[in-house]
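Before any comments, here is the structure.
One-based numbering, in listed order, for ligands and for the atoms of each.
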Amino acid sequence: MAKVKTQYSCNDCGGTSPKWVGQCPDCGAWNTLTEIAMVKSGASRWQGYAGAQDTSLMALPDITAVASKRLSTGLPELDQVLGGGVVEGSVILIGGDPGIGKSTLLLQALANVPDPTQALYVTGEESLQQVSLRAQRLGVGECPLRLLAETQVETIIALATAHKPKIMVIDSVQTVFTQTLQSAPGSVSQVRESAAHLVRFAKQTGISLYLVGHVNKDGAIAGPRVLEHMVDTVLYFEGEKDSRFRMVRAIKNRFGAVNELGIFAMTDKGLKGVSNPSAIFLSRNRFAAPGTIVMVTWEGSRPLLIEIQALVDDSHGIPRRVTVGYDHNRLALLLAVLSRHAGVMMHQMDVFLNVVGGVRILETGADLAILVAVISSYRNKVINQGCAFFGEIGLSGELRPVPGGQERIQEAAKHGFKKIIVPKANAPRNKLEGIEVIAVDSLSEAIAKLD
Ligand code: TYD
Ligand code: MG
């Protein structure tokens with residue numbers, strides 16, 4: 001008989017403690033520990049080393065590995081985020097706020113595989129009728145895709161073993177449970193155990209598996225981060241729910257570039273890939289105002305033009321630094337460089353920064369553009385709207401090169417920019433048609449070149 005032992009596990013990070021404590025010893029969150037039952041495996045006695053065989057050790061050149069096949073999802077933007085399609089036997093976790101479009105995206109992806117009879121959509125949240133209604137809205141109501149409304153992992157695996165799908169979706173991992181554990185579906189231990197069963201099943205059978213995960217209020221994938229290391233790829237839905245655009249970012253990918261971004265528009269017929277993302281982030285008739293400029297950022301493996309807006313105003317009290325779509329600590333650092341190396345003092349000013357279009361900027365290549373926007377608002381002077389910017393700023397005020405220089409310049413030229421200010425090391429060797437490249441060494445030099 002297996003022995004049942006209890007432990008306490010944190011609902012936020014999944015860390016465990018043998019006793020109940022008010023604060024999680026791992027992540028420091030308060031009042032998040034809940035009791036879980038641990039099933040001890042029967043064979044716990046030391047068996048010696050006899051089980052290990054010589055054949056488990058192999059020399060690297062002796063291992064024959066064939067590159068895994070990739071299956072297109074039928075959605076080019078999703079393929080791009082995944083690094084060129086779904087790898088056979090890989091497990092993909094898709095996280096995002098409720099209602100952002102996870103179920104819609106996956107239903108579309110399954111309906112578009114070459115042979116939909118080999119795709120299985122397991123829903124634990126909606127009834128089959130609801131899924132069918134959605135499929136009709138998406139225009140795939142006649143697709144012979146297989147559906148299953150079930151939440152018990154053992155049953156799902158048994159049915160999948162019998163039916164042998166090539167690709168399977170579990171929507172969502174918070175609703176499924178395994179009968180080996182007592183705790184309620186959605187609790188950390190259930191999510192972890194159920195996901196572990198499903199991942200093991202996918203790896204043994206070569207099924208590609210999508211797991212849908214909801215996000216808790218802090219933005220971590222609920223159930224929570226415990227799943228991220230078990231899967232091959234973690235995709236994350238970004239963007240405001242009331243905006244028309246949805247962005248899917250790969251934050252971990254064992255089979256492709258990380259930080260790759262796929263951009264979709266939510267229409268009445270589901271999600272549609274946006275083929276020229278730069279165009280949507282630049283409003284067609286941009287309003288030439290102080291504090292508004294365009295920068296070229298790098299998302300995954302392609303350049304993207306994005307508008308940045310800064311507002312600098314007299315502070316009444318403690319100066320505030322408020323950012324939307326950008327790290328506010330990085331802004332504080334940049335403002336310090338600005339005051340020290342360019343003599344523009346911000347210590348009595350409130351600084352507000354907004355990245356237009358709900359994009360989140362994670363790279364340092366945005367530094368120069370952000371400071372130019374701040375200066376423009378501070379001086380109440382419109383910057384030449386035909387000029388774009390990129391470049392990283394160091395603590396001594398120098399301008400550092402960033403990856404993808406050439407491609408960024410070409411993207412700006414493609415969208416009609418006549419001028420671009422870039423770090424010297426990113427300057428192209430040959431002169432480019434249609435765009436004037438101004439290569440500078442430092443922040444102060446860049447400011448001197450503004451017009
Ligand atoms: P859904 O995929 O159900 O979200 P999630 O699974 O992440 O919780 O997305 C539902 C939202 O998308 C809902 O607000 C309605 C909207 N939607 C459309 O705008 N057009 C469509 O064709 C569909 C199917 C949904
Ligand atoms: Mg859903």
Side-chain angles (χ1 to χ4, degrees), residues 73-78 81-82 91-113 116 119-143 145-151 153 156 167-177 185-186 190-191 194-195 198 209-224 227-228 231 233-251 261-274 280 357-358 360:
T73 61
L75 303 167
E77 281 290 304
L78 184 59
V81 180
L82 292 170
V91 182
I92 301 156
L93 176 68
I94 298 201
D97 294 334
I100 198 147
K102 301 181 293 296
S103 308
T104 307
L105 180 69
L106 291 181
L107 194 56
Q108 283 181 272
L110 283 203
N112 280 310
V113 298
L120 176 63
Y121 186 97
V122 182
T123 167
E125 299 197 334
E126 292 160 302
S127 65
L128 295 182
Q129 286 75 17
Q130 283 173 308
V131 178
S132 148
L133 275 178
R134 170 174 303 135
Q136 282 168 21
R137 275 184 69 181
L138 297 174
V140 295
E142 297 305 312
C143 176
L145 157 80
R146 301 295 188 251
L147 297 179
L148 170 67
E150 177 58 58
T151 51
V153 171
I156 296 173
I167 187 155
M168 178 159 87
V169 167
I170 305 290
D171 188 2
S172 69
V173 73
Q174 270 102 10
T175 54
V176 293
F177 70 98
Q190 271 296 0
V191 168
S194 311
L198 291 164
L209 176 69
Y210 289 100
L211 299 173
V212 174
H214 290 293
V215 160
N216 63 12
K217 59 183 189 305
D218 308 324
I221 289 180
L227 292 187
E228 288 184 5
V231 300
T233 305
V234 180
L235 305 185
Y236 204 107
F237 262 95
E238 291 176 4
E240 305 300 320
K241 242 192 343 202
D242 31 338
S243 133
R244 212 161 70 80
F245 298 107
R246 301 281 192 277
M247 277 146 274
V248 178
R249 191 189 292 276
I251 56 172
L261 193 72
I263 300 170
F264 297 90
M266 181 60 98
T267 67
D268 56 345
K269 292 213 168 45
L271 291 161
K272 288 229 154 53
V274 175
I280 64 164
R360 212 152 43 90

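Here the closest heavy-atom approach between residue Lys102 and residue Ile94 is recorded as CD-O, 3.9 Å. A pairwise comparison of heavy atoms in Asn112 and Gly74 identifies CB-CA, 3.9 Å as the closest pair. Of all heavy-atom pairs spanning Arg249 and Arg360, the tightest one is NH2-O, 3.2 Å. Across all non-hydrogen atoms, the minimal contact from Val122 to Glu150 is CG1-O, 3.6 Å. Taking each heavy atom of Leu198 and Leu211 in turn, the nearest pair found is CD1-CD2, 4.2 Å.
For the pair Tyr210/Ile167, a side-chain contact is recorded, criterion being any heavy-atom separation below 4.5 Å from C-beta on. Considering only heavy atoms from C-beta on, Leu147 stays 4.5 Å or farther from Thr123 through its side chain.
Tested against Thr73 for a side chain to side chain contact (heavy atoms under 4.5 Å, CB included), the candidates Val81, Leu106, Leu105, Leu82 yield a single pass: Leu82.
Judged by distance alone, the side chains of Ser172 and Glu125 do bring a donor and an acceptor atom under 3.5 Å apart.
At a heavy-atom cutoff of 4.0 Å, ligand 1 is surrounded by Asp97, Pro98, Gly99, Ile100, Gly101, Lys102, Ser103, Thr104, Arg134, Arg137, Leu138, Met266, Thr267, Asp268, Lys269, Gly270.
Annotation: protein N, O or S atoms under 2.8 Å of the Mg ion (ligand 2) (waters excluded) comprise Ser103 OG.
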